[in-house]
Amino acid sequence: MTIAENVANVRAKIDAAARKAGRDPGEILLVAATKMNDASRVQEAIAAGVDICGENRVQEMLEKNAQGAYEGAPLHFIGHLQKNKVKQVVGLAELIHGADSLALLETISREAIKRGIVQDVLLEVNIGAETSKSGFSPEEIPAALESAAAFGGIFVRGLMAIPPICQSPDENRPFFLEMQKLFVDNGRKKYDNVSMDFLSMGMSGDFAEAVACGANMVRVGTAIFGPRNYQ
Ligand SMILES: *Cc1c(COP(=O)(O)O)cnc(C)c1O
């Protein structure tokens, strides 16, 4: 299967899941998770019509960006962002998905203010309460939104989650549904510099379930590019 065929397949599944849930397929953004795929493969995915490129590692993103990998599509940072790498990502990535602590938000805020820009971010929710993962607990989200509103230089555009690894896609349904509820509930309250626009969840194994549960941004790697070679 070519990248173009894979993108068409993923898009067809997204559209079907959206229609089945009574949603407009046009409102769902497909983020290609491009890690470990070189610039020419990323360009193939963009030509095939992915909406956005999502990169995980800062060094890899800078190298591929210099090669023109992301030309033609917006670039998002979807990985775990270390505070000492914030400078390299702010202003380059249109949206940072994994804002997972107040300390990171504050660092992003400081860098954005220094540059006179506003950086869009998503708050990452540790929806499975996994000790191995960072992120806010659901209960911490209202306070995090309040703090974020006060920081300046950042605009919170929604929530992101990576549920626990599981055997079958429906196992993540309760987590996806809890995320949807958080997204809706926290979107009702008005905060400065917050607009609950995006719910980023769902990967190759479970993006259709995520769409059924309200995701409007899915991050798909393997189903577009094939298995990654970690050697
Ligand atoms: C790699 C990655 C994805 C995509 O994973 P696949 O299972 O290959 O689709 C999505 N989100 C994040 C944060 C990732 O790191």
Inset, instruction - Evaluate the side-chain proximity of Glu209 to Asn172: yes if any heavy-atom separation is below 4.5 Å, no if none is. - result: no
Inset, instruction - Apply the test side chain to side chain contact (heavy atoms under 4.5 Å, CB included) to residues Glu94 and Arg157: give CA-CA distance (whole Å), side-chain angles for both, the deciding distance (0.1 Å), then the verdict. - result: CA-CA 11 Å; Glu94 200 168 281; Arg157 301 294 303 274; over 6 Å; no
Inset, instruction - Indicate the atoms forming the closest heavy-atom contact of Asp15 with Pro25, along with that distance. - result: OD1-CB, 3.5 Å
Inset, instruction - Could you grab the distance from atom CZ of Phe155 to atom CG of Asp192, nearest 0.5 Å is fine? - result: 9.0 Å
Inset, instruction - Indicate the atoms forming the closest heavy-atom contact of Val218 with Ala215, along with that distance. - result: CG1-CB, 4.3 Å
Legend entry - Residue pair Met217 / Ile52, side-chain heavy-atom distance below 4.5 Å: yes
Legend entry - Same cluster (ILVMFWY, side-chain, under 4.5 Å), Ile96 and Val194: yes
Legend entry - Crowding at CD1, Ile165 (>12 non-hydrogen neighbours, <6.0 Å): no
Legend entry - Ile162 side chain reached by Arg219 side chain, heavy atoms, under 4.5 Å: yes
Legend entry - Main-chain N/O of Gly221 paired with Arg228 side-chain donor or acceptor, under 3.5 Å: no
Legend entry - Basic-acidic side-chain contact under 4.0 Å: Glu111, Lys114: yes
Inset, instruction - Using a 4.5 Å cut-off on heavy atoms from C-beta on, say whether the side chain of Met160 contacts that of Met201. - result: no
Legend entry - Nearest-0.5 Å distance, SG of residue Cys53 to NZ of residue Lys35: 13.0 Å
Inset, instruction - Using modelled atom types only, decide if a donor and an acceptor are shared between the side chain of Gln43 and the backbone of Glu71 within a distance under 3.5 Å. - result: yes
Inset, instruction - Give a yes or no answer on whether the side chain of Arg110 reaches the backbone of Gly153 with a donor-acceptor pair at less than 3.5 Å. - result: no
Legend entry - Other residues, nucleotides, ligands: >12 heavy atoms within 6.0 Å of Glu27 CD: yes
Inset, instruction - I would like to know whether Val156 and Asn193 meet side chain to side chain contact (heavy atoms under 4.5 Å, CB included); could you show each step before the answer? - result: CA-CA 6 Å; Val156 179; Asn193 307 323; over 6 Å; no
Legend entry - Separation between CD of Gln119 and CZ of Phe77, rounded to the nearest 0.5 Å: 11.0 Å
Inset, instruction - Flag yes if Val89 and Leu62 sit in one hydrophobic cluster, no otherwise; membership is Ile, Leu, Val, Met, Phe, Trp, Tyr, and two members link when side-chain heavy atoms are under 4.5 Å apart. - result: yes
Inset, instruction - For the pair Thr107 (side chain) and Ala103 (backbone), establish whether a donor and an acceptor sit closer than 3.5 Å, ignoring hydrogens and angles. - result: yes
Inset, instruction - Nearest 0.5 Å please: distance from the CD1 atom of Ile154 over to the OG atom of Ser147. - result: 9.0 Å
Inset, instruction - Going by the side chain to side chain contact (heavy atoms under 4.5 Å, CB included) test, name the single residue among Asn37, Val220, Asn6 that passes it with Phe225. - result: Asn37
Legend entry - Flag if over 12 foreign heavy atoms under 6.0 Å of NZ, Lys133: yes
Inset, instruction - Say whether, by atom type as modelled, one donor and one acceptor occur between the side chain of Thr222 and the main chain of Pro227 under 3.5 angstrom. - result: no
Inset, instruction - Would you name the heavy atoms of Ile117 and Gly91 that are closest together and state the gap between them? - result: CD1-CA, 3.6 Å
Inset, instruction - Would you kindly confirm whether Leu75 and Val118 end up in one hydrophobic cluster when ILVMFWY residues are joined by side chain heavy atoms under 4.5 Å apart? - result: no
Legend entry - Gap between atom CD of Glu124 and atom NE2 of His97 - 0.5 Å precision: 10.5 Å
Legend entry - Check: Leu199 main-chain N/O paired with Asn216 side-chain donor or acceptor under 3.5 Å: yes
Inset, instruction - Identify the two heavy atoms, one from Ala18 and one from Ile28, that lie closest to each other, and give their separation to 0.1 Å. - result: CB-CD1, 3.5 Å
Inset, instruction - Tell me, with the steps shown, if Leu29 and Phe198 meet side chain to side chain contact (heavy atoms under 4.5 Å, CB included). - result: CA-CA 9 Å; Leu29 294 170; Phe198 301 120; 3.9 Å; yes
Inset, instruction - Drop me the distance from Asn186's CG to Lys181's NZ, to the nearest 0.5 angstrom. - result: 9.5 Å
Legend entry - Heavy-atom donor-acceptor pair, Arg23 side chain to Val211 backbone, under 3.5 Å: yes
Legend entry - Least distance between heavy atoms, Thr34 atom then Glu55 atom: OG1-OE1, 2.8 Å
Inset, instruction - Could you check if a side-chain atom of Met36 sits within less than 4.5 angstrom of a side-chain atom of Arg57, using non-hydrogen atoms only? - result: yes
Inset, instruction - Flag the pair Ile3 / Ile224 as yes when at least one side-chain heavy-atom distance between them is below 4.5 Å, and no otherwise. - result: yes
Inset, instruction - State, with a plain yes or no, whether a side-chain heavy atom of Leu182 is found less than 4.5 Å away from one of Phe136. - result: no
Legend entry - Close side-chain approach of Val125 and Pro138, heavy atoms under 4.5 Å: yes
Legend entry - Common cluster, Phe176/Met203, ILVMFWY with side-chain heavy-atom separation under 4.5 Å: no
Legend entry - Glu171 atom CD: more than 12 heavy-atom contacts under 6.0 Å: yes
Inset, instruction - Could you tell me which non-hydrogen atom of Met196 sits nearest to which non-hydrogen atom of Gly158, and how far apart they are? - result: SD-CA, 3.6 Å
Inset, instruction - State plainly whether one hydrophobic cluster holds both Leu122 and Leu145, where clusters connect Ile, Leu, Val, Met, Phe, Trp and Tyr through side-chain heavy atoms under 4.5 angstrom apart. - result: no
Inset, instruction - List the steps and the verdict of side chain to side chain contact (heavy atoms under 4.5 Å, CB included) for Leu81 and Val58. - result: CA-CA 8 Å; Leu81 181 56; Val58 175; 4.1 Å; yes
